[in-house]
Amino acid sequence: MIQQELIPHLFRTEFSKITSVLCKHFGIEHITIAEDLASETFLSALETWPYKGIPKNPTAWLYAVAKNKAINYYKRQKLLAGISSSPENNPSQIGSDEIDLSEQNIADSQLQMLFALCHPAISAEAQIGLSLRILCGFGVEEIANAFLTNKETINKRLFRAKEKLRDKNIAIEFPGTLEIEQRLESVLTTLYLLFNEGYYSESQNSVLRQDLCQEAMRLTHLLIDNQQTNQPSVNALLSLMCFHASRFDARKDENGEMILYQDQDEMLWNKNLISKGGYFLHQASHGNRLSRYHLEASIAYWHTQKSDTKEKWENILHLYNELLQLEYSPIAALNRTFALSKTNGKAEALVEAEKLQLTDNHFYFTLLGELYTTIDQQKAKMNFQKALGLAKTQSDKRTIQRSIEKL
C-alpha cells in the first residue's frame, strides 16, 4: 500500500484502538485527551514517514509513539501542577510498559468503551455519534455528512455527550453478569441504528455509506468474539447486517439512483455475505429468547431469495405478524402490508394499509400508489403525488416520478 493510502487506512483502523486503550487506562474524564494524543500520533507519522520512510511495522511504530506521547503528556501535567498524587490517580507515575496495546487488551478496551458510550444516560443520537468518532475513527465532517448536518452541530452534540459521560463518571468496564443482558440491549440498538445510518443513508457518498455498515458489523463481531457477549441476539443482529449488506451494490446505480428490490440484478448480490448471514442466523437459534433481530434477520433471509414464490411471501408475512406482536413499529406494519398484497392480493392489503394513516411518510403514499395501480389509476396518481411532495431527496423524487409516468 502506497504512503498516501497507508496513513488514512491506519487512521481508520488504529485510531479507535489507541483512543480506547488510552481512555480506558486514564478514565472517561480524559476522553478528549485520549483523542488528542491519538491524533498527534498520526500527525507524527505524517511529519516523519515522508522523510524517513515507512517503518517495517507501521502499526507497532504508532503504538510506541502513542505510549510515549501519553507518558510525556502526563509528566508535563505533573510538572506544571507541581504536585504529586497516587499512581492510581496520576498517570504521570506510570511506565510505558503499563500502557497495554496488546491485541487482547485492544479488543477488551474497544468492547468496554462500546458499553460506556452506549450508556442509557446518553441519547441514542449521541451514542451513534460518539461511536463513530471514538470507536470507528470517523472525522467530524464525515459524521456530519452521514447525519446530513453540519460540523458545528456534530461538534456540539459530541461535546455535550462527553460532558454527560464525565458528569456521570461512567466507568469503562464490562457490566456485571446480572446487568450485561440489559445493557447489551442498548448496545445492540446503537449498532442497529449505526448500520441503518449507512444502509438507508440519504448521503450520496457510497464509500461513506459502506464504511458505516462495515464499522457496525466490525463492532458486532467484537461482541461475538467475547464469551460474555456472544449471545443469540448478537448473532441474529450480525446475520441481519450480512443479509442486508449482501445487496448493497445492487441497491443503487452509478448515478446514485435507488434500484427497487424487484429490479435489482441478483448477480450483484454478495453470495459470501449471504452465506455468512445464514451461518450467524443458525448460531442465533440457540437459546429460548426470540428477539426482534431474529425475526428481522429471517425476513432479510427470504429477501435473498429472488424468486417471487407464494411460499416466500407467506413466510415473510408470518414473520412480520410475529414481529409486530413482539415489538410494534409503524414501518414494520407498512412493510407487512406489502407482503400481504403478495399473498392475499392488493385489495385486502389496501384495507390494512389505509388503517395505518402514516400521513407524514412518503413511503406510505408510495405503497398506496403501488397498491392502487391496477385498481384505480386516479387514486394511484394522487397517492404518488402526495409521496412526491413528502420525499426529501432528489433520488426518491425521481423514483416516484418514474412511477407516475408509468401510469
Side-chain polar contacts of residues 153-160 - donor-acceptor pairs under 3.5 angstrom, sequence neighbours left out - could you list them?
| residue | atom | partner | partner atom | Å |
| --- | --- | --- | --- | --- |
| T153 | OG1 | N150 | OD1 | 2.8 |
| N155 | ND2 | K151 | O | 3.4 |
| K156 | NZ | E152 | OE2 | 3.3 |

Indicate every side-chain donor-acceptor pair of residues 323-330 with a distance under 3.5 Å to a residue at least two apart or in another chain.
| residue | atom | partner | partner atom | Å |
| --- | --- | --- | --- | --- |
| E327 | OE2 | R292 | NH1 | 3.3 |
| S329 | OG | I331 | N | 3.3 |
| S329 | OG | A332 | N | 3.3 |

Per-pair distances, 0.1 Å, donor-acceptor, side chain in residues 267-286, under 3.5 Å, sequence neighbours excluded:
| residue | atom | partner | partner atom | Å |
| --- | --- | --- | --- | --- |
| W269 | NE1 | Q264 | OE1 | 3.2 |
| N270 | OD1 | N272 | N | 3.0 |
| N270 | OD1 | L273 | N | 3.0 |
| K271 | NZ | E266 | O | 3.3 |
| S285 | OG | H282 | O | 2.5 |

Name every donor-acceptor pair, under 3.5 Å, that has one atom in a side chain of residues 55-63 and the other anywhere in the protein, sequence neighbours excluded.
| residue | atom | partner | partner atom | Å |
| --- | --- | --- | --- | --- |
| N57 | OD1 | T59 | N | 3.4 |
| N57 | OD1 | A60 | N | 3.1 |
| Y63 | OH | E14 | OE1 | 2.5 |

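With a 4.5 Å cut-off on side-chain heavy atoms, L165 and L130 count as touching. In this structure, the side chains of P120 and R183 come closer than 4.5 Å at one or more pairs of heavy atoms. I170 is not listed as a side-chain neighbour of K164, based on a closest heavy-atom distance of 4.5 Å or more. Counting heavy atoms from C-beta on, the side chains of M241 and L191 come closer than 4.5 Å. Side-chain contact between L223 and L219 is absent, with no heavy atoms from C-beta onward closer than 4.5 Å. Counting only heavy atoms from C-beta outward, the side chains of K17 and Q110 approach each other to under 4.5 Å.
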| task | Walk me through it: do E197 and L193 pass the test side chain to side chain contact (heavy atoms under 4.5 Å, CB included)? | result | CA-CA 6 Å; E197 197 65 47; L193 293 173; over 6 Å; no
| task | Could you check T373 against K406 for side-chain hydrogen bond (donor to acceptor under 3.5 Å, both in side chains), going step by step and ending with a plain yes or no? | result | CA-CA 10 Å; T373 299; K406 289 178 183 177; over 6 Å; no
| From CA spacing to verdict: side chain to side chain contact (heavy atoms under 4.5 Å, CB included), M217, C242 | CA-CA 8 Å; M217 294 172 76; C242 288; 3.7 Å; yes
| task | Verify side chain to side chain contact (heavy atoms under 4.5 Å, CB included) between N335 and L367, making sure each step is shown before the conclusion. | result | CA-CA 9 Å; N335 290 335; L367 179 59; over 6 Å; no
| field | Stepwise salt bridge (Lys or Arg N to Asp or Glu O under 4.0 Å) test for E405 and R402 | value | CA-CA 5 Å; E405 291 168 359; R402 284 196 294 270; over 6 Å; no
| task | Test F26 against I31 for side chain to side chain contact (heavy atoms under 4.5 Å, CB included), laying out the working first. | result | CA-CA 8 Å; F26 302 134; I31 188 170; over 6 Å; no
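With a 6.0 Å radius and a threshold of 12 heavy atoms from other residues, nucleotides or ligands, E141 has its CD atom at or below the threshold. Environment of CD in Q378: sparse, with no more than 12 heavy atoms of neighbouring residues, nucleotides or ligands closer than 6.0 Å. Counting non-hydrogen atoms of other residues, nucleotides and ligands closer than 6.0 Å to CD of Q227 gives a total of 12 or fewer. Shown here is K381, whose NZ atom has no more than 12 heavy atoms of other residues, nucleotides or ligands within 6.0 Å. For Q305, the CD atom counts as densely surrounded, since its 6.0 Å shell holds more than 12 non-hydrogen atoms of other residues, nucleotides or ligands. Open room surrounds CD on E103; 12 or fewer heavy atoms of other groups in view lie less than 6.0 Å from it.
Using modelled atom types, no side-chain atom of D263 and backbone atom of I259 make a donor-acceptor pair closer than 3.5 Å. Within the 3.5 Å criterion, the main-chain N or O of Y293 finds a donor-acceptor partner in the side chain of S291. With E29 contributing its side chain and N169 its backbone, the two residues share no donor-acceptor pair below 3.5 Å. Looking only at distances, a side-chain donor or acceptor of T304 sits under 3.5 Å from a matching main-chain atom of Y301. Remark: the backbone N or O of T374 is not paired with any side-chain donor or acceptor of Q377 at under 3.5 angstrom. One N or O on the side chain of S341 and one on the backbone of F338 form a donor-acceptor pair closer than 3.5 Å.
Of all heavy-atom pairs between E354 and Y364, the closest is CA-OH, 3.4 Å. The two residues G27 and I172 make their nearest non-hydrogen contact at C-CD1, 4.5 Å. Considering every non-hydrogen atom in both H294 and A236, the closest pair reads N-CB, 3.6 Å. When every heavy atom of T343 is checked against every heavy atom of K310, the shortest pair comes out as O-NZ, 3.8 Å. When every heavy atom of L240 is checked against every heavy atom of A297, the shortest pair comes out as N-CB, 3.8 Å. Across F384 and T366, no two heavy atoms sit closer than the pair CE2-O, 3.5 Å.
A cation-pi contact, defined as under 6.0 Å to the ring centre and within 45° of the axis, is absent between R247 and Y261.
For the residue pair E296 and Y192, a side-chain donor N or O sits within less than 3.5 Å of a side-chain acceptor on the partner. Between the side chains of H318 and E322, a donor-acceptor pair is found at a separation under 3.5 Å. Side chains of N235 and N230: a donor on one and an acceptor on the other come within 3.5 Å. Judged by distance alone, the side chains of Q112 and D108 never bring a donor and an acceptor atom under 3.5 Å apart.
For W313 and Y320, the gap between ring centers reaches or exceeds 6.0 Å.
Between Y199 and F195, the ring planes lie parallel to each other; the angle is under 30°, not in the 30° to 60° tilted range.
Pairs passing the side-chain hydrogen bond (donor to acceptor under 3.5 Å, both in side chains) check and including a residue from residues 214-223, sequence neighbours excluded, read E215-R218. Residue pairs meeting the salt bridge (Lys or Arg N to Asp or Glu O under 4.0 Å) criterion with at least one member in residues 338-350, sequence neighbours excluded: D308-K342.
For D211 and R12, the salt-bridge test passes: some basic side-chain N is under 4.0 Å from an acidic carboxylate O. Looking at E185 and R289, a side-chain N of the basic residue comes within less than 4.0 Å of a carboxylate O on the acidic one, giving a salt bridge.
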